[in-house]
Asks: 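Dropping the structure in here first, questions after.
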Amino acid sequence: MKYEILAPAGSMESLIAGVRSGANAIYLGGKMFNARRNAGNFDNEELKKAVEYCHRHWVKVYLTLNILVGDEELEQAYNTVKYALSVGVDAFIVQDIGVIKMIREHFPTARIHGSTQMSIMSVSGVKQAEEMGLKRVVLAREMTIDEIEEIRESTNLELEVFVHGALCMSVSGQCYMSSVLGSRSGNRGLCAQPCRLPFTARGDSKECALSLKDLSIIKHLDNLKGVTSLKIEGRMKRPEYVSAAVNAVKGAIDGCYNQELEHNLNSVFSRSGFTDGYLTGNRGAAMFGTRQKEDVLSAKEVLKSISHNYDNENPLLPIDFEFECRENQPCKLTAWGLDKSVEIVGPVAERAINKPMTPESVKMRLSKLGGTQFYAGNVKATVDEGLIIPASQINELRRKAVEEIERLPEITVTALPLKLPAVAEKSNTPYLTASFKNAQQIPDRHPFKYVFIPIDSSLEDFVDNRAGVVLPRGLFGQEERLKKQLTRLKGAGVTRALCGNLGSYRLAKDLGFQVFGDFGLNIFNSLSAMQIDNPILSFELTAQQANKINADNTGIIVYGKIPLMLTRNCPVKSTIGCEKCNRQGTLTDRMGYEFPVICSSYPCVEILNSVPLYMLDRMNEIKTDFAHLYFTNESMEEVEQIIKMYENSQKPTFKYTRGLYQRGVI
């Protein structure tokens with residue numbers, strides 16, 4: 001099986017390290033619109049040089065556009081794509097479905113890969129991505145071998161899988177901790193990594209209950225047959241890390257992953273070792289770790305030796321030569337490499353006075369490719385007897401042939417003029433909707449036009465409350481189960497579904513439900529909102545931005561303990577176990593704030609904010625079509641109190657936050 005080795009580059013030094021170590025493709029970011037905005041990244045001129053260097057080495061370049069983009073930024077995103085195409089970028093890694101729509105409609109030749117930030121983890125999610133025009137998806141990092149296999153068998157879409165690097169506690173694209181707590185959004189490329197700080201489920205401040213070891217599944221490549229690309233995380237890492245990781249993956253592909261490669265990986269960067277827990281299903285306490293003094297010291301041993309891997313060009317690509325020299329005719333050198341051929345015409349040979357050249361001497365001369373990225377493949381030489389051409393001229397023929405092989409073609413960009421929907425603030429008085437953790441929270445009398453309860457609620461609860469269904473955001477391996485439950489609910493008369501994942505959205509729509517897009521879809525601009533029915537907009541928008549989204553029937557959350565993380569490895573279970581938790585788990589940070597951990601019968605848990613978002617006394621500022629109340633661990637009496645406070649436009653009597661509706665994200 002031939003895999004693509006996809007290496008990260010946060011700088012030109014890391015890019016060169018990846019290429020010279022044997023990567024087949026490089027992913028990198030510009031100065032904006034990428035999920036590692038704190039990396040060095042590449043301005044326009046640097047991007048041009050990077051692509052040229054890579055293409056001369058037969059290496060592809062993928063530009064990351066993997067953040068959420070506001071309406072006011074779409075024109076700049078368009079210009080970024082147009083320029084990137086003009087310098088030869090091979091594909092774009094994109095999170096925002098609005099940006100996907102913009103690229104697809106304005107750049108028909110552009111190739112789009114779905115970022116892991118899209119939280120694609122199911123067959124229906126991949127089908128939705130394919131329908132949106134994607135050529136490849138980067139699967140969620142939390143998937144098992146069997147779950148990846150199920151998707152691979154269901155699609156011809158290229159699949160990309162992370163095989164090494166840092167591992168977030170949250171499912172990518174579903175983490176709001178950094179933004180809600182400090183305005184630095186992971187979905188906008190500026191995560192401050194608060195999860196690496198002390199959190200505990202036992203009151204022990206030394207615990208780091210949200211810090212996972214780095215991922216490494218390099219030993220398991222035999223289980224990834226059918227996957228196109230093996231991705232290495234690390235655009236914030238140094239060049240030696242990139243080189244060590246590429247060499248390790250290359251060694252595993254070639255069947256020679258050994259102790260030296262593994263030692264280099266462990267030494268150059270780790271957090272108390274690595275984990276393969278998601279892929280193998282061995283989740284639990286062993287997956288957690290932090291960066292220790294020993295980890296830092298071990299790096300010093302190997303950095304210098306690893307750097308020699310890419311000091312100079314490595315001969316990684318073959319080049320074939322055929323030389324022909326006939327009496328009284330100009331000699332001719334034909335070369336094949338990088339999927340093309342060139343022909344160089346040289347001088348007419350002279351009669352040799354002493355020692356004539358031979359086919360063997362010419363082949364030896366042509367094979368001297370030191371200092372280049374090439375090694376000699378098939379070299380043929382046909383020489384009439386008694387002729388001579390100076391060695392310097394044969395060297396010059398070889399040099400010109402290599403130069404022509406490396407010459408890049410001219411690039412033509414097909415770009416349609418940018419057309420974007422007009423934006424203007426709406427002037428609605430929003431109607432209300434609400435979701436509940438269980439039906440027992442719903443009062444007999446309430447102001448909600450629509451209510452939604454979890455999919456595992458009883459049929460009686462759905463019927464008695466005329467409720468719609470909340471679909472889980474974490475679908476790992478559970479799509480068939482979900483489909484059966486939805487079919488049963490549809491048969492009982494349930495008609496509406498609140499969907500926070502592209503896979504569940506696609507599944508519910510295919511089954512004929514009236515779908516509402518939940519916050520997990522990260523709807524951040526008008527182009528993305530237009531593609532989702534009845535979307536609850538991202539709570540990372542300001543209220544002013546949300547009010548201007550130009551799409552039908554949009555809403556925002558105006559009350560609730562916002563989920564800061566969706567995670568497949570429960571930090572409470574991994575720390576104290578389910579018995580002691582009794583489904584009432586909490587995490588405590590170093591400041592003493594408590595964050596509820598909400599269980600689900602589906603594979604993930606949610607970590608909620610310590611205080612609720614509250615906008616019920618400022619509803620005059622909300623102009624979206626509807627406003628959503630997100631109830632989690634409140635009692636029915638507390639729900640009734642919240643409703644009364646809404647009806648009286650009352651300021652809260654408890655600790656609360658305005659979220660990001662005023663301050664926004666960076």
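Both backbone and side-chain heavy atoms feed into the values below; hydrogens, waters and symmetry mates do not. Worth saying up front: this structure is predicted, and the values here are computed from it rather than measured.
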Asks: Does Glu634 reach the main-chain N or O of Phe631 with its side chain, forming a donor-acceptor pair under 3.5 Å?
Replies: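 Absent.
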
Asks: Are more than 12 heavy atoms, taken from residues, nucleotides or ligands other than Lys437, located less than 6.0 Å from that residue's NZ atom?
Replies: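 It does: Lys437 NZ has more than 12 such atoms within range.
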
Asks: Using 30° and 60° as the class limits, which term best fits the ring planes of Phe452 and His628: parallel, tilted or perpendicular?
Replies: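 Tilted: the ring planes of Phe452 and His628 meet at 30° to 60°.
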
Asks: Looking only at heavy atoms, what is the nearest atom pair of Tyr602 and Gly474, with distance?
Replies: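 Shortest heavy-atom separation between Tyr602 and Gly474 comes out as CB-O, 3.8 Å.
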
Asks: Could you walk me through whether Arg141 and Thr116 pass side chain to side chain contact (heavy atoms under 4.5 Å, CB included), step by step?
Replies: CA-CA 8 Å; Arg141 280 174 255 207; Thr116 190; 3.9 Å; yes

Asks: Closest approach of Gln531 and Ile97, non-hydrogen atoms and distance?
Replies: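 Heavy atoms of Gln531 and Ile97 come nearest at NE2-O, 2.8 Å.
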
Asks: Is a donor on one side and an acceptor on the other found under 3.5 Å between the side chain of Arg466 and the backbone of Phe462?
Replies: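 The answer is no, because no donor-acceptor pair under 3.5 Å joins these two groups.
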
Asks: Between Gln650 and Gln641, is the side-chain hydrogen bond (donor to acceptor under 3.5 Å, both in side chains) condition met? List the steps.
Replies: CA-CA 10 Å; Gln650 185 179 334; Gln641 180 190 6; over 6 Å; no

Asks: Under the ring-ring contact (aromatic ring centres under 6.0 Å, His included) rule, what do Phe539 and Tyr176 come out as? Steps first, then yes or no, please.
Replies: CA-CA 9 Å; Phe539 49 71; Tyr176 309 98; 4.7 Å; yes

Asks: Taking NZ in Lys573 as the centre, count heavy atoms belonging to other residues, nucleotides or ligands within less than 6.0 Å. Is the count above 12?
Replies: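 No.
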
Asks: So, Arg136 and Glu160, do they make that salt bridge, N to O below 4.0 Å?
Replies: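 Result for this pair is yes, salt bridge flagged.
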
Asks: Assess, by modelled atom type and distance only, whether the side chains of Glu479 and Ser122 contain a donor and an acceptor separated by less than 3.5 Å.
Replies: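 Yes, Ser122 and Glu479 have a side-chain donor paired with an acceptor closer than 3.5 Å.
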
Asks: So, Asn501 side chain and Ile120 main chain: donor-acceptor pair closer than 3.5 Å or not?
Replies: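 Absent.
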
Asks: Measure the CD-CG distance between Gln544 and Leu541 for me, rounded to the nearest 0.5 Å.
Replies: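 Going from CD on Gln544 over to CG on Leu541, the span is 11.5 Å.
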
Asks: Looking at OG1 of Thr653 and OH of Tyr656, how far apart are the two atoms once the value is rounded to the nearest 0.5 Å?
Replies: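 That separation rounds to 11.0 Å.
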
Asks: Under 3.5 Å, side chain of Glu233 to main-chain N/O of Ala166, donor-acceptor pair present?
Replies: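 Yes; judged by distance alone, with no hydrogens or angles, the pair exists.
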
Asks: Under a 4.0 Å N-O cut-off, is there an ion pair linking Lys426 with Asp625?
Replies: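 Yes, Lys426 and Asp625 are salt-bridged.
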
Asks: I'd like to know if Asp96 and Lys101 make a salt bridge, using a cut-off of under 4.0 Å between side-chain N and carboxylate O.
Replies: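 Salt bridge flag = no for Lys101 with Asp96.
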
Asks: About how many Å separate CD of Glu150 and CD1 of Ile145, when rounded to the nearest 0.5 Å?
Replies: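 The CD atom of Glu150 is 14.5 Å from CD1 of Ile145, to the nearest 0.5 Å.
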
Asks: When you measure from the side chain of Asn438 to the backbone N and O of Gln440, does any donor-acceptor pair fall under 3.5 Å?
Replies: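 Present.
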
Asks: Is there a salt bridge (Lys or Arg N to Asp or Glu O under 4.0 Å) between Glu149 and Arg152? Walk through the geometry before answering.
Replies: CA-CA 5 Å; Glu149 176 68 10; Arg152 188 197 65 76; 2.9 Å; yes

Asks: Would you say the side-chain atoms of Ser179 pair up with the backbone N or O of Arg184, donor to acceptor, closer than 3.5 Å?
Replies: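 Not at all, since once roles are kept as given, no pair shorter than 3.5 Å links the two residues.
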
Asks: So does Glu647 pair up with Lys644, basic N to acidic O under 4.0 Å?
Replies: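 The answer is no: the pair does not qualify as a salt bridge.
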
Asks: Got a salt bridge between Arg188 and Glu73, using NZ or NE/NH1/NH2 to carboxylate O under 4.0 Å?
Replies: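 Salt bridge present between Arg188 and Glu73.
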
Asks: Will you find, in the side chains of Thr280 and Asn282, an N or O donor that is under 3.5 Å from an N or O acceptor?
Replies: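 Side-chain D/A pair, Thr280 to Asn282: present.
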
Asks: Against Phe448, only a single residue in Ile442, Asn465, Thr433, Leu629 fulfils side-chain contact (heavy atoms from CB on, under 4.5 Å); can you say which?
Replies: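 Only one of Ile442, Asn465, Thr433, Leu629 forms a side-chain contact (heavy atoms from CB on, under 4.5 Å) with Phe448, namely Leu629.
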
Asks: Can you tell me how far the CD1 atom of Ile523 sits from the CG atom of Asp518, to the nearest 0.5 Å?
Replies: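 It comes to 10.5 Å.
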
Asks: Any chance the side chains of Asn553 and Asn534 put a donor and an acceptor closer than 3.5 Å?
Replies: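 Note: Asn553 and Asn534 side chains meet the donor-acceptor criterion.
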
Asks: Taking all heavy atoms of Gly114 and all of Leu134, pick out the closest pair and write down the distance.
Replies: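 Smallest heavy-atom distance, with atoms named: CA-CD1, 3.6 Å.
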
Asks: Can Ile93 and Leu65 be said to form a side chain to side chain contact (heavy atoms under 4.5 Å, CB included), step by step?
Replies: CA-CA 6 Å; Ile93 304 173; Leu65 295 175; over 6 Å; no

Asks: Applying ring-ring contact (aromatic ring centres under 6.0 Å, His included) to Tyr450 and Phe516, what does each step give before you reach the verdict?
Replies: CA-CA 11 Å; Tyr450 304 123; Phe516 285 68; 5.5 Å; yes

Asks: So does Asn620 have more than 12 non-hydrogen atoms from other groups sitting under 6.0 Å from CG?
Replies: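 Result for CG/Asn620: enclosed.
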
Asks: How long is the span from the CD1 atom in Ile643 to the CE atom in Met636, to the nearest 0.5 Å?
Replies: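 Here the interatomic distance stands at 10.0 Å.
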
Asks: Would Lys509 and Asp533 count as a side chain to side chain contact (heavy atoms under 4.5 Å, CB included) if you check the C-alpha gap in whole Å, the side-chain angles of each, and the deciding distance to 0.1 Å?
Replies: CA-CA 10 Å; Lys509 196 160 188 178; Asp533 295 346; 3.0 Å; yes

Asks: For Gln117, which of Thr64, Asn66, Asn187 qualifies under side chain to side chain donor-acceptor pair (under 3.5 Å)?
Replies: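 Option passing the side chain to side chain donor-acceptor pair (under 3.5 Å) with Gln117: Asn187.
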
Asks: Answer yes or no: are there more than 12 heavy-atom neighbours, outside Asn648 itself, under 6.0 Å from its atom CG?
Replies: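 More than 12 heavy atoms, drawn from other residues, nucleotides or ligands, come within 6.0 Å of this atom.
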
Asks: Indicate yes or no: does Asp617 engage Arg658 in a salt bridge with an N to O separation below 4.0 Å.
Replies: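 A salt bridge is present here (some side-chain N lies under 4.0 Å from a carboxylate O).
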
Asks: May I ask you to decide if Cys570's main-chain N or O and Thr567's side chain share a donor-acceptor pair within less than 3.5 Å?
Replies: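 Checking the backbone N and O of Cys570 against the side chain of Thr567, no donor-acceptor pair under 3.5 Å is found.
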
Asks: Distance alone, cut at 3.5 Å: any donor-acceptor contact between the side chains of Arg481 and Gln478?
Replies: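 Yes, side-chain donor-acceptor contact under 3.5 Å.
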
Asks: Below 4.0 angstrom, N of the basic side chain to O of the carboxylate: do Lys127 and Glu130 qualify?
Replies: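 Salt bridge absent between Lys127 and Glu130.
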
Asks: Check the pair Leu197 / Arg590 against side chain to side chain contact (heavy atoms under 4.5 Å, CB included), numbers first and verdict last.
Replies: CA-CA 8 Å; Leu197 297 172; Arg590 69 196 192 284; 3.2 Å; yes

Asks: Do you know the tightest heavy-atom contact between Asn633 and Lys561?
Replies: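 Reported closest heavy-atom pair: OD1-NZ, 3.3 Å.
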
Asks: Would you say the side-chain atoms of Thr575 pair up with the backbone N or O of Pro571, donor to acceptor, closer than 3.5 Å?
Replies: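 The answer is yes, because a donor-acceptor pair under 3.5 Å joins these two groups.
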
Asks: Between Ser185 and Glu540, do the side chains contain a donor N or O and an acceptor N or O under 3.5 Å apart?
Replies: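 Per modelled atom types, Glu540 and Ser185 side chains form a pair under 3.5 Å.
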
Asks: Is Asn522 reaching over with its side chain to a backbone N or O of Ser538, donor-acceptor style, under 3.5 angstrom?
Replies: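 No; zero donor-acceptor contacts below 3.5 Å.
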
Asks: So do Val558 and Leu616 actually touch side chain to side chain, heavy atoms under 4.5 Å?
Replies: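 Yes, at least one pair of side-chain atoms sits under 4.5 Å.
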
Asks: Are Lys419 and Glu105 close enough for a salt bridge, meaning some N to O gap below 4.0 Å?
Replies: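 Not counted as a salt bridge, because no side-chain N and carboxylate O are separated by less than 4.0 Å.
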
Asks: Can you see whether Ser211 engages Arg196 through a side-chain donor-acceptor pair at a distance of less than 3.5 angstrom?
Replies: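 The answer is yes; a qualifying pair exists.
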
Asks: Cut-off 3.5 Å, side chains only: do Thr290 and Arg271 have a donor facing an acceptor?
Replies: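 Arg271 and Thr290 do not have a side-chain donor-acceptor pair below 3.5 Å.
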
Asks: Any idea which heavy atoms bring Ile455 and Pro472 closest together, and the distance?
Replies: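 Where Ile455 meets Pro472 most closely, the heavy atoms are CG2-CD, 4.3 Å.
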
Asks: Any luck finding a side-chain donor-acceptor pair between Asn609 and Tyr593 under 3.5 Å?
Replies: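 There is no such pair between these side chains.
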
Asks: When rounded to the nearest 0.5 angstrom, what distance separates CE in Met565 from CG in Leu587?
Replies: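 The CG atom of Leu587 is 9.0 Å from CE of Met565, to the nearest 0.5 Å.
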
Asks: Whether Glu640 and Arg445 form a salt bridge (side-chain N of Lys/Arg under 4.0 Å from carboxylate O of Asp/Glu) is what I want to check.
Replies: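 No salt bridge links Arg445 with Glu640.
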
Asks: Answer yes or no: is there a donor N or O on one side and an acceptor on the other, between the side chain of Thr542 and the main chain of Gln545, under 3.5 Å?
Replies: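 Yes, the answer is positive, given that a donor and an acceptor are paired below the 3.5 Å cut-off.
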
